[in-house]
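I have placed the structure first, in the form of structure tokens, so that the comments after it can refer back to it.
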Protein chains: 2
Amino acid sequence: MNLKKYTDYALRVLIFTGMKSDQELATIKEISEVYTISQEHVRKVVHELVKMELIESVRGRHGGIRMAKPPEEINVGRLVRQLEADFVILECFDKGTNHCVISPGCTLKHVLNRALVAFFKVLEAYTLKDLIKNEEELRELMGL
Amino acid sequence: MNLKKYTDYALRVLIFTGMKSDQELATIKEISEVYTISQEHVRKVVHELVKMELIESVRGRHGGIRMAKPPEEINVGRLVRQLEADFVILECFDKGTNHCVISPGCTLKHVLNRALVAFFKVLEAYTLKDLIKNEEELRELMGL
DNA sequence: AATAAACATGTATTTTGTATACATGTTTAT
DNA sequence: ATAAACATGTATACAAAATACATGTTTATT
Ligand code: SF4
Ligand code: SF4
């Protein structure tokens, strides 16, 4: 049980971009350098985030990316849920492929579901804004 | 983000074995047939559970497995935690391999940790006993 | 003593998903 | 025209999980 690096990278991109002042653009190059992630990966993640309409991209020279909405409107829980799309967790969570005979009477599956709800309930209590409250500290760690 | 089939299989084995009356033995064959899981897989899981001292095995003809402790003493949360051992979740959760520069000031990692705690808190409220409360229903579903 | 039914254990293969890399295209300021 | 940026599709590598195979040991039964 663990999250995809991808999910983390997406959050990192948002943390970086969210810290930029209003119309200032962040670039993939910058981001890849700060976190020492290859540009390829950042590119992919950025692409995804643009499609999700969380960030906007400006092409061409002096282009870059910026937030498509204010950080306080980006919910961490919802974001993680989308990025980790396939919450099958167990066979029976997907009716299509489920073959478990006891499924109709299984308490375990309800228990796991409740646990999952609790997991996201915590995440949903935070927005991107909460993750960049200590801007100066982060900026320093990033060497900016 | 999803659990290993292995983890589920282990729970299934325990659900089945926990339903047997006191000194009655369950066999790998039986279990593999009820759930339509290959004997190989069940064998492996059983082996693991014996090592974890949750079930005992009796070798030789007329052998089988039985609970090593009463169902109400087997905590679902602790069990899942053990079975899913590697809770790295993200790079920074493992100090050894962590390279994320913002780690010392990152709020996200705390948020995720809190979410994980909430997840297990729910699971820890249940024991194997809770999973087999509806014995008759389960027995029927299993075709016993 | 032989046999069969059960668990024990190590190893090998297949499959899947993730992570990573490569190549090429498009846009736009200079 | 060029260079700096994003866009996008594809391919490769790697690791973990799922699955399968093979062989060994124990013990009740006959
Ligand atoms: S045992 Fe319960 S949780 Fe597991 S697959 Fe079957 S129905 Fe789902
Ligand atoms: S961004 Fe935060 S959560 Fe992600 S790896 Fe870095 S420290 Fe951990």
Side-chain angles (χ1 to χ4, degrees), chain A residues 1-10 12-13 16-17 20 24-33 35-66 68 83-91 94 97 99-100, chain B residues 1-10 12-13 17 20 24-33 35-66 68 83-91 94 97 99:
Chain A
M1 178 175 175
N2 40 29
L3 302 176
K4 302 181 197 163
K5 281 200 172 180
Y6 223 80
T7 302
D8 186 52
Y9 288 169
R12 290 201 214 177
V13 167
F16 187 94
T17 311
K20 288 274 173 184
E24 198 182 353
L25 294 176
T27 71
I28 289 175
K29 187 147 176 288
E30 253 186 318
I31 296 174
S32 88
E33 278 166 3
Y35 293 116
T36 351
I37 307 173
S38 119
Q39 285 196 41
E40 310 291 345
H41 301 152
V42 179
R43 201 189 308 291
K44 259 195 160 177
V45 168
V46 162
H47 190 206
E48 189 84 14
L49 290 171
V50 169
K51 274 198 280 189
M52 288 167 76
E53 299 186 317
L54 296 179
I55 62 181
E56 292 169 348
S57 66
V58 178
R59 296 178 72 159
R61 196 174 213 193
H62 291 181
I65 58 175
R66 71 165 89 91
L83 294 169
E84 295 284 319
D86 61 330
F87 274 121
V88 177
I89 295 260
L90 287 185
E91 202 176 317
D94 179 353
T97 55
H99 295 305
C100 181
Chain B
M1 179 174 172
N2 41 26
L3 301 176
K4 303 180 196 166
K5 281 200 173 180
Y6 223 80
T7 302
D8 186 53
Y9 288 169
R12 290 200 214 178
V13 167
T17 311
K20 288 275 172 182
E24 198 182 352
L25 293 176
T27 70
I28 289 175
K29 187 150 178 287
E30 254 185 316
I31 296 175
S32 88
E33 278 165 3
Y35 294 116
T36 352
I37 307 173
S38 117
Q39 285 196 40
E40 311 291 345
H41 300 153
V42 179
R43 202 190 308 291
K44 259 197 160 177
V45 168
V46 162
H47 191 204
E48 189 83 13
L49 289 171
V50 168
K51 275 199 277 186
M52 287 167 76
E53 299 188 316
L54 296 178
I55 61 181
E56 292 168 347
S57 67
V58 178
R59 297 178 71 158
R61 197 173 213 194
H62 292 180
I65 58 175
R66 70 165 89 90
L83 293 169
E84 295 284 320
D86 60 330
F87 274 120
V88 175
I89 295 261
L90 287 184
E91 202 176 316
D94 179 353
T97 54
H99 295 305

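Residue numbering restarts at 1 for every chain, and letters A, B, ... go by the order of the sequence lines.
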Sugar-phosphate or base contact per nucleotide [nucleotides 4-12 of chain C; S, B, -; heavy atom under 4.0 Å]: SBBBBB---
Is the distance from OP1 or OP2 of C/dT18 to the nearest side-chain N or O of A/Y9 less than 4.0 Å? no
Tell me: CG of A/D8 to P of C/dT20, nearest whole Å? 12 Å
Starting at CD1 of A/I28, measure out to NE2 of A/H47 and round the result to the nearest 0.5 Å. 10.0 Å
Can you tell me the distance, in whole Å, between the CD atom of A/E84 and the P atom of C/dG17? 14 Å
Report the residue from A/L49, A/I31, A/L54 that forms a side-chain contact (heavy atoms from CB on, under 4.5 Å) with A/I65. A/I31
Nearest-Å distance, CZ (B/R12) to P (D/dA18)? 12 Å
Defining pairs by Watson-Crick or G-U wobble geometry with both distances under 3.5 Å, how would you list the stems of DNA chain C with at least three pairs each? C:1-30 with D:1-30
Could you tell me the separation between the CG atom of A/N2 and the C1' atom of D/dA16, rounded to a whole number of Å? 10 Å
How close or far is atom P of C/dT14 from atom NE2 of B/H41, stated in whole angstroms? 14 Å
Quick one, A/H62 and A/L25 - any side-chain contact, counting heavy atoms below 4.5 Å? no
Candidates A/K4, A/R12, A/K5 - the one meeting salt bridge (charged side-chain N to carboxylate O under 4.0 Å, His left out) with A/D8: A/R12
Inspect the contact between B/E33 and B/K29 and indicate whether a charged nitrogen and a carboxylate oxygen are less than 4.0 angstrom apart. yes
Spell out, as yes or no, whether a donor-acceptor pair under 3.5 Å connects the side chain of A/E91 to the backbone of A/H99. yes
Between A/R43 and A/E40, is a side-chain contact (heavy atoms from CB on, under 4.5 Å) present by the stated rule, with each step listed? CA-CA 5 Å; A/R43 201 189 308 291; A/E40 310 291 345; 4.1 Å; yes
Of the listed C/dT18, D/dA18, C/dA21, the closest approach to the B/K5 side chain comes from D/dA18
Is the side chain of A/Y9 donor-acceptor paired with the backbone N or O of A/V45 at a distance under 3.5 Å, no angle test? no
Rounded to the nearest Å, what distance is computed from the NZ atom of residue B/K4 to the C1' atom of nucleotide C/dT15? 17 Å
Expressed as a whole number of angstroms, how long is the span from A/E48:CD to C/dT18:P? 12 Å
Just wondering, more than 12 heavy atoms not from B/E24 lying within 6.0 Å of its CD? yes
